[in-house]
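Just below is one structure, and these are the notes that go with it.
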Amino acid sequence: MSAPPPAHAPLAPEAVDLRTRFAGLELQTPLLAASGCFAYGQQFAAFTDLRRLGGLVTKGISPAPRYGNPVPRICETAAGMLNSIGLENVGVDAFLADKLPFLRDLGVSVWVNFFGTDFPTYVECAERLSAGAGAGIDVLEMNISCPNIKHGGIEFGTVPEVAHRLTKACVEASSIPIVVKLSPNAGDIVGMAQAVKEAGAAGVSLINTITGMAIDVRRRRPRIATTYGGLSGPAIKPIALRMVHQVARALPDLPICGIGGVMSGEDALEFLMAGATTVQVGTALFAEPGAIVRITEELRALMGELGIADVVAAVGVLEAIPPEVPYVPA
Amino acid sequence: MSAPPPAHAPLAPEAVDLRTRFAGLELQTPLLAASGCFAYGQQFAAFTDLRRLGGLVTKGISPAPRYGNPVPRICETAAGMLNSIGLENVGVDAFLADKLPFLRDLGVSVWVNFFGTDFPTYVECAERLSAGAGAGIDVLEMNISCPNIKHGGIEFGTVPEVAHRLTKACVEASSIPIVVKLSPNAGDIVGMAQAVKEAGAAGVSLINTITGMAIDVRRRRPRIATTYGGLSGPAIKPIALRMVHQVARALPDLPICGIGGVMSGEDALEFLMAGATTVQVGTALFAEPGAIVRITEELRALMGELGIADVVAAVGVLEAIPPEVPYVPA
Amino acid sequence: MSASTFSATVEARRTLGGGYFVLSLCADAPTPIAEATPGQFVMVRGAWGRDLLNPRAFSVLAFDDARRFSILAKVFGRGTARLAEAEPGDPMSVTGPLGRGFPAPREGRVQLLVAGGVGLPPLHLQARQAAAAGRPAAVEMLYGGRSRADLVLVDDLEGWGTPLALATEDGSVGARGRVTALLEERLAIARARGEAVEILACGPTPMLAAVRRIGLDAGVATFLCLEEQMACGFGVCLGCAVPVHGPRPYRYCCTDGPVFPAEEVRWP
Amino acid sequence: MSASTFSATVEARRTLGGGYFVLSLCADAPTPIAEATPGQFVMVRGAWGRDLLNPRAFSVLAFDDARRFSILAKVFGRGTARLAEAEPGDPMSVTGPLGRGFPAPREGRVQLLVAGGVGLPPLHLQARQAAAAGRPAAVEMLYGGRSRADLVLVDDLEGWGTPLALATEDGSVGARGRVTALLEERLAIARARGEAVEILACGPTPMLAAVRRIGLDAGVATFLCLEEQMACGFGVCLGCAVPVHGPRPYRYCCTDGPVFPAEEVRWP
Ligand SMILES: Cc1cc2nc3c(=O)[nH]c(=O)nc-3n(C[C@H](O)[C@H](O)[C@H](O)COP(=O)(O)OP(=O)(O)OC[C@H]3O[C@@H](n4cnc5c(N)ncnc54)[C@H](O)[C@@H]3O)c2cc1C
Ligand SMILES: Cc1cc2nc3c(=O)[nH]c(=O)nc-3n(C[C@H](O)[C@H](O)[C@H](O)COP(=O)(O)OP(=O)(O)OC[C@H]3O[C@@H](n4cnc5c(N)ncnc54)[C@H](O)[C@@H]3O)c2cc1C
Ligand SMILES: Cc1cc2nc3c(=O)[nH]c(=O)nc-3n(C[C@H](O)[C@H](O)[C@H](O)COP(=O)(O)O)c2cc1C
Ligand SMILES: Cc1cc2nc3c(=O)[nH]c(=O)nc-3n(C[C@H](O)[C@H](O)[C@H](O)COP(=O)(O)O)c2cc1C
Ligand code: FES
Ligand code: FES
């Protein structure tokens, strides 16, 4: 038996304050567009008001342009999808020259996701983004977790010592705060978070996609050309929430950006209550380019209904289920 | 562009041979009921013809009876569910006396899932099941992966050296083949499989549930009393398939029993093609107690349609997607 | 008590307002559904693909014969929302009747049926059967909800001649307040009259907790029809544990219940 | 070419047999749908919960005005199965029109429209527009399928006076064999006559591969409307890469295509 929910007087949605801070930055809402699901933003301008986002995370940028993986690159799975895009991107120079100005002018928090293919190119990327950026980039989100590139990615993302060294080098090379995006493929997510925190990460993004596979039995082939791809969408939400909660409990002062299967205001609030300060929306943007604006209003309304006036107050408010009446053997 | 599928003349379903072997045992079909989703079988007798299963895996048995976790123990998630039953079971003695005779008499392969709470109780359990069983148990499926018990479970399931020692001790204590059920929470599933193989495991079962969480935002509480639970169902199928494929590729002569989100004959065939020799059906049994019989017939019909005469021939037949025409920069 | 698993087809959906609806189903072949006792339930799932994986539990509201039966549901979450869109002809998978129902009325003892909101069906069936046995007054229905819209199928009860007291929290119909207040008043009368009564209750968990306290304090035999999260409904998943006093700390809502004696339930 | 994302309502579903159906939709407010060119597509998703996460791509079959349009689909997997159950009144989320369509007919050059099965819609719209412009014979439809049931909406083409040649693999209607055989014959005639033609093709990938070879070998301008797995449809996910020759190894089906010149596509 569970007791009735705690009573909090409901509020009008307008009374709900969605402004928040993440690693020292101010954001007008906790909701960001996730890397790889937003490209460099221009495509969304036709569909939604980008100035209403809390922030955005760009497609992962590497020092040189990359062309990505063979096709097919995506397929759908139960309540999710697999992708193996191969970290295709325009490269640092073209990003700074052609893509960043549009994003900077939106007036929302700009996070640039980046990666290298080895240690020096990671550091190079951080350095060049940080140097070339002027005041336009708020956060460098370091992707150490993409399972799709052969060299680099996966090892950095699963071995705490390697992640520590890499983070440290990038933090030292960058004048912009670095948030490390961790891989759920790591066996010990708390160990990974601890390692990058100690290396100077301003926060962590949790989670990237989980390596998965699907098979076309009629063609006797994997559905993704590279055999494995990254699983995203509502299917992974329970795993993402668990990892956010584990890290938040173990490292209470490390800011966490929660990611994984968010499709509604209620999903976003789950991540906040689990301990995330901000929340990214990825796959949901494909079916609904305006998803973040809808989710923002749903979050506002739900917080009002539950009497939570301030989004900062929702972070980590989770209580344990009250214990049962003790059992006394007869 | 992808070439047309390889042509194989279709067969009548009756012409399809579903008999298979797993670690030296004969099974009439590759489909087993998964542990914890079948209890000790009696409940199913009212709903389905249990003699048509390839085999069954019992609820996990420990040396002493266990009463399980506080409630709520389950909740639904997108295309999946979380459970934290707490390995409730009747204990070895009651199992052998009250439950095994019914199962033995079905004439299908009987696998007994077991666990301990520490090293000695694992070995004790293997020993007593093996000693008391007579000819009634075909396989001991060793659960080193349940995330729901505080002591034991999780560490055994994620550290290869520990799993190796534990498996070795149980193999030595048992006269029945031991199949180790691995945890997807391990960072390196191939390393785990390798470790238990070298310790004498007759095969591996892949995968158990993945640790996850869900939050009731209205009550500000986890939906599961123990906060975390194990995620099962179609949501995890891509992850399970990937792990089966990784292990099959790395350790081609280790028999694999594939598990995770199987709801149809096509799902089962995906696992076979990924490299599993047998397949377990878990969560699907809750909504449809007769699911395995339906899945068996679907598998038979699908194999017929695809011209695969023999289920053994389907195991690991996966081909790579043919390479693209090479790109020559202009 | 045998259960079976079978396909059924939606025959009708009757919308009652307030999110309530009655779904009439017809099994594709004869089933044991007509053996259901009040409080027994069925697990129902539509052709819902891979999401909404598990079936939902619904008490049997009524049955006509071995194929035709109905349930009363209220839109609550995603499963009931999906069911509320069911159209005649839609296929459903059903397993049931499952569990153990309420005790039948006994000579010389009035059963007070305490229903809250969507907890009505088992008690509605209990009242129907008492009336059908020519003893409508062997039971008395105390029925409460938030508001007028939460009191459904009252016409049926009136038609059967079931003694009936209503309560709504907003006072829109019947007494203003909770159904537990009606129960306390009725128990006081019974005490004054020296009347033998027992309590059968079904409704939201906080209501059941209050009924349990009242019943235990009054020393009146009390039976609660509980709701726990269920995955299977037939004793396999062990998800629906109910904390109890006794030789073991848990029993199972789906196989030992859903009806439990109040004193057995390990609640505060 | 502006696209928008909008809600629409199913107005009608017309079942054509063989798994084919036409879905008529009405946007809740005016949209740019009437600016669609043949080959442009919409991304469509119903109120499908969390499963079937991504929208599905469908070529625009026809439009009446800024709100009313239709698509032709064939039941293939789970998404089209779900769509095939859509009822009038069901809500759909739509984004479009997206992509770049086929070139318009040019004076003095006949467009050979090679359609395979469910690849009909873009070419159907091309033929409709040619007819509406008073030049039905600016295009000629070569339409093939497995069997009679795969050739749908033929009446429309006949009504418009579109020159039409049919082929079925089982010979149940038109010539027995593949539509590519019709194309080869027609090209031979064009060559003999010294007639200027170009090829516009849409259909299953193996058919497009064959058309591409034929077009390239004949030195005839050939445009292929490709299908790739799409998640977004508007250039964001980078899932729909098409291997191409040129300055970069991939272009995108949703934004650079779905129509590509045959010589650009990097196929064997
Ligand atoms: C034996 C039994 C008989 C039942 N009979 C009926 C009946 O006759 N009519 C009827 O309408 N319902 C009945 N129910 C309840 C019915 O099964 C639930 O309404 C249904 O599970 C909710 O399904 P949903 O898919 O709409 O919500 P879900 O989407 O499954 O539920 C949303 C979430 O709400 C939570 N939740 C679900 N139920 C409750 C609850 N009762 N209290 C608090 N939180 C909850 C869960 O955590 C769940 O994850 C019965 C339940 C049981 C166990
Ligand atoms: C630009 C464009 C326009 C389209 N126009 C139309 C149209 O007008 N009418 C129409 O019916 N369809 C059209 N399609 C195809 C339509 O989007 C697919 O039929 C649809 O995605 C299949 O959806 P489903 O949900 O039924 O199958 P799914 O369940 O998504 O597909 C099952 C599986 O089959 C595989 N698959 C899907 N499509 C193909 C394929 N073509 N060849 C081989 N395997 C495949 C996939 O791997 C997928 O996982 C178009 C596609 C594109 C890209
Ligand atoms: C098509 C696609 C491309 C992605 N590309 C990147 C990327 O370049 N860098 C990165 O860090 N994450 C990438 N991601 C991961 C997402 O940012 C996000 O972590 C993940 O999808 C889980 O969130 P979701 O379930 O909301 O999509 C990509 C995801 C998808 C679906
Ligand atoms: C309610 C429940 C109880 C389970 N209990 C056990 C158990 O006792 N031992 C075990 O090894 N696995 C147990 N499992 C895991 C399943 O055997 C299986 O590995 C997992 O559910 C994935 O398969 P599925 O998606 O088909 O359910 C349990 C799963 C569920 C859902
Ligand atoms: S619901 Fe599965 S055991 Fe009761
Ligand atoms: S479908 Fe997403 S980029 Fe083309």
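For the numbers below, each heavy atom of this structure counts, side chains included, while hydrogens, waters and symmetry mates do not. Quick note on labels: first sequence line is chain A, next is B, and so on, each numbered from 1.
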- Query: Please walk me through it: do B:M263 and C:L53 pass side chain to side chain contact (heavy atoms under 4.5 Å, CB included)?
  - Reply: CA-CA 10 Å; B:M263 296 194 77; C:L53 197 55; 3.7 Å; yes

- Task: Might you point out which heavy atoms bring C:P247 and B:Y67 nearest each other, and give the distance in Å?
- Result: O-OH, 4.2 Å

- Counting heavy atoms not belonging to C:R13, are there more than 12 under 6.0 Å from its CZ? yes

- Task: Looking only at non-hydrogen atoms, find the nearest pair between B:F286 and C:V236 and report the distance.
- Result: CE2-CG1, 4.0 Å

- Item | Which portion of C:Y250 sits near chain B, non-hydrogen atoms under 4.5 angstrom | side chain

- Heavy-atom contact with chain C under 4.5 Å, split by part of B:F47: both

- Look at B:A287, B:G282, B:P65 and state which one has the largest set of heavy-atom pairs under 4.5 Å with chain C. B:A287

- Message: The test is side chain to side chain contact (heavy atoms under 4.5 Å, CB included); show your working for C:N54 and B:T283 and say whether it passes.
- Response: CA-CA 8 Å; C:N54 292 328; B:T283 305; 4.0 Å; yes

- Return the option, out of B:G233, B:G36, B:P289, with the maximum number of heavy-atom pairs under 4.5 Å with chain C. B:P289

- Query: Under 3.5 Å, is there a donor-acceptor pair between the side chain of B:R73 and the main chain of C:C240?
  - Reply: no

- Query: Can you name the closest pair of heavy atoms from B:Q43 and C:G235 and give their distance?
  - Reply: NE2-O, 3.0 Å

- Does B:P72 offer a backbone N or O that forms a donor-acceptor pair with the side chain of C:Q229 under 3.5 Å? no

- Step by step, would you call B:V71 with C:V242 a side chain to side chain contact (heavy atoms under 4.5 Å, CB included)? CA-CA 7 Å; B:V71 297; C:V242 173; over 6 Å; no

- Specify which of B:A235, B:A79, B:G290 makes the most heavy-atom pairs with chain C at under 4.5 Å. B:A79

- Give the member of C:P55, C:S93, C:G233 that has the highest number of heavy-atom pairs under 4.5 Å with chain B. C:P55

- Query: Atom CZ of C:R45 and atom CD of B:E288: how far apart are they, to the nearest 0.5 Å?
  - Reply: 8.5 Å

- Query: Relative to chain C, which segment of B:P70 carries a heavy atom at a distance below 4.5 Å: side chain, backbone, both, or neither?
  - Reply: both

- Between B:D267 and chain C, which part of the residue has a heavy atom less than 4.5 Å away: side chain, backbone, both or neither? side chain

- Message: To the closest 0.5 Å, what do you measure between CG (C:L238) and CG (B:N83)?
- Response: 9.5 Å

- Item | Side-chain ion pair, B:E76 and C:R56, N-O less than 4.0 Å | yes

- Can you tell which of B:E88, B:Q42, B:R223 has the highest number of heavy-atom pairs within less than 4.5 Å of chain C? B:E88

- chain C heavy atoms under 4.5 Å from B:T77: which part of the residue, side chain, backbone, both or neither? backbone

- Query: Heavy-atom distance under 4.5 Å to chain B: side chain of C:T95, backbone, both or neither?
  - Reply: side chain

- Message: Assess the residue pair B:K59 and C:C237 against the criterion (side chain to side chain contact (heavy atoms under 4.5 Å, CB included)); give the C-alpha distance rounded to whole Å, side-chain angles, the decisive distance to 0.1 Å, and a yes or no.
- Response: CA-CA 9 Å; B:K59 180 78 191 151; C:C237 71; over 6 Å; no

